[in-house]
Amino acid sequence: MIPVPAPARQPARWQTLWREAIRDPRELLESLGLPALAARLSAPAQAQFPLRVPRSYVARMRHGDPADPLLRQVLPLDEEDRRVPGFSLDAVGDGAAKGGTGVIHKYDGRALLIATGSCAIHCRYCFRRHFPYAEETAASSGWASAIDYLRNHPSVREVILSGGDPLSLGTAKLAELTGALRTLPQITRLRIHTRLPIVLPERIDAEFLDWIGALPWPAVLVLHANHANEIDATVREACAALRARGAHLLNQAVLLRGVNDSVEALEALSEALFDAGVLPYYLHQLDRVQGAAHFEVPEAESLALLAALRARLPGFLVPKLVREVAGEPAKTPL
Ligand SMILES: *Cc1c(COP(=O)(O)O)cnc(C)c1O
Ligand code: SF4
């Protein structure tokens, strides 16, 4: 008999979909029937932070609409090349907060682990466009230095997995971390900041659900959707499955010019989140990151939008408008 080599572990379906993401801006524009928009693409922006967008997310974009709110979040246009005073490379002071462990501990009682630098989607407004975090992730050392840090800081009771997108890691890698966290008696809560259930809901597969359902602490997932059109039936299914395993679901959004800067868009987002079993948590004033100035909504306008939203929705569907100010002990309410 011919010996058959042991089969390599099959990539999970979500990992295949991840790899099949669109990375060529021209391919994206062709598929949306928008070839003329190619004239406005920016090569420097694409080189600095390349397009990346899962195909199922592209399917939620409106064909032939150059102003589509989902397309606008991912397309590297020449508006990004404009240098605007006040928009910098390290808009939130994270450069100073890193200690080589992948842990960012700025707030009392909770610490954020930069689990990985990878994301399934590249959002043009994100400050991480200038922080690939390639060498400073908590996972790269097998989590050991992050666990050491937490052991030495028993006041940290809530661990927040962030990134990049922590669910870019395979479930086995996440289980490695939570296995180690179980040895720290101080931990009372696990939080995960992730956009994956929105942009690639297939990530929430049976293996992941088994993992999250078996955690010894309450789990809070803070999702990231900015527009109601991002939330389709596959997203609602993923959210329902997470809730069935006991996870609490919240959402943080960024207030973005041309994406969700109207009371109608914000209202529709809150309603779509609620339909999916998710409550709005934060609405972030844009971090002033270089290349993202065209997304900014001035603070006075943000406040007016929130006041209008408050007049339309129950209080629990109105997110808290906040800004991140370097050196402050919490997000700053506006
Ligand atoms: C935003 C953030 C948190 C979480 O803040 P909450 O108000 O608890 O949601 C924690 N750590 C860091 C470094 C943060 O930037
Ligand atoms: S960290 Fe979040 S907002 Fe930033 S690029 Fe990744 S998925 Fe988008």
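Quick note: numbers below take in every heavy atom, side chains included, and nothing from hydrogens, waters or symmetry partners. All ligand and atom numbering here is 1-based and tracks the order in the structure. FYI, the numbering just counts along the sequence from 1.
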Exercise. Spell out, yes or no, whether Leu256 and Val297 are grouped together once hydrophobic residues are joined by side-chain heavy atoms under 4.5 Å, including indirect joins.
Key: no
So, are [X] and [Y] salt-bridged, with charged N and O less than 4.0 Å apart?
X      : Y      : value
Glu79  : Arg257 : no
Glu296 : Arg288 : yes
Arg129 : Glu80  : yes
Glu158 : Arg189 : yes
Glu271 : Arg312 : no

Quiz item: Would you find more than 12 non-hydrogen atoms of other residues, nucleotides or ligands less than 6.0 Å from Asp81 atom CG?
Solution: yes
Quiz item: What atoms in ligand 1 come closer than 4.0 Å to a heavy atom of Ile104?
Solution: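 So the atoms of ligand 1 that pass are 13 (C).
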Self-check item: Atoms in ligand 1 with a heavy atom of Tyr281 nearer than 4.0 Å
Solution: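 In order of number, 6 (P), 7 (O), 8 (O), 9 (O).
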Exercise. Taking 2.8 Å as the upper limit, name the protein N, O or S atoms near atom 8 (Fe) of ligand 2.
Key: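 Metal shell, protein only: Cys123 SG.
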Quiz item: Taking heavy atoms and a distance under 4.0 Å, where does Ile160 meet ligand 1: side chain, backbone, both or neither?
Solution: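 Only the side chain of Ile160 comes within reach of ligand 1.
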Quiz item: Backbone, side chain, both or neither: what part of His284 comes under 4.0 angstrom of ligand 1, heavy atoms only?
Solution: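 Neither part.
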Practice problem: Select the closest option to atom 14 (C) of ligand 1 among Glu324, Lys331, Lys106, judged by heavy-atom distance. | Solution: Lys331
Quiz item: Going by the angle between their ring planes, with limits at 30° and 60°, are His153 and His105 parallel, tilted or perpendicular?
Solution: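 Perpendicular, since the angle between the ring planes exceeds 60°.
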Exercise. Please say which of Arg124, Glu230, His227 ends up in a side-chain hydrogen bond (donor to acceptor under 3.5 Å, both in side chains) with Gln73.
Key: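 For Gln73, the side-chain hydrogen bond (donor to acceptor under 3.5 Å, both in side chains) check succeeds only for Glu230.
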Self-check item: Non-hydrogen atom of Arg191 closer than 4.0 Å to ligand 1
Solution: yes
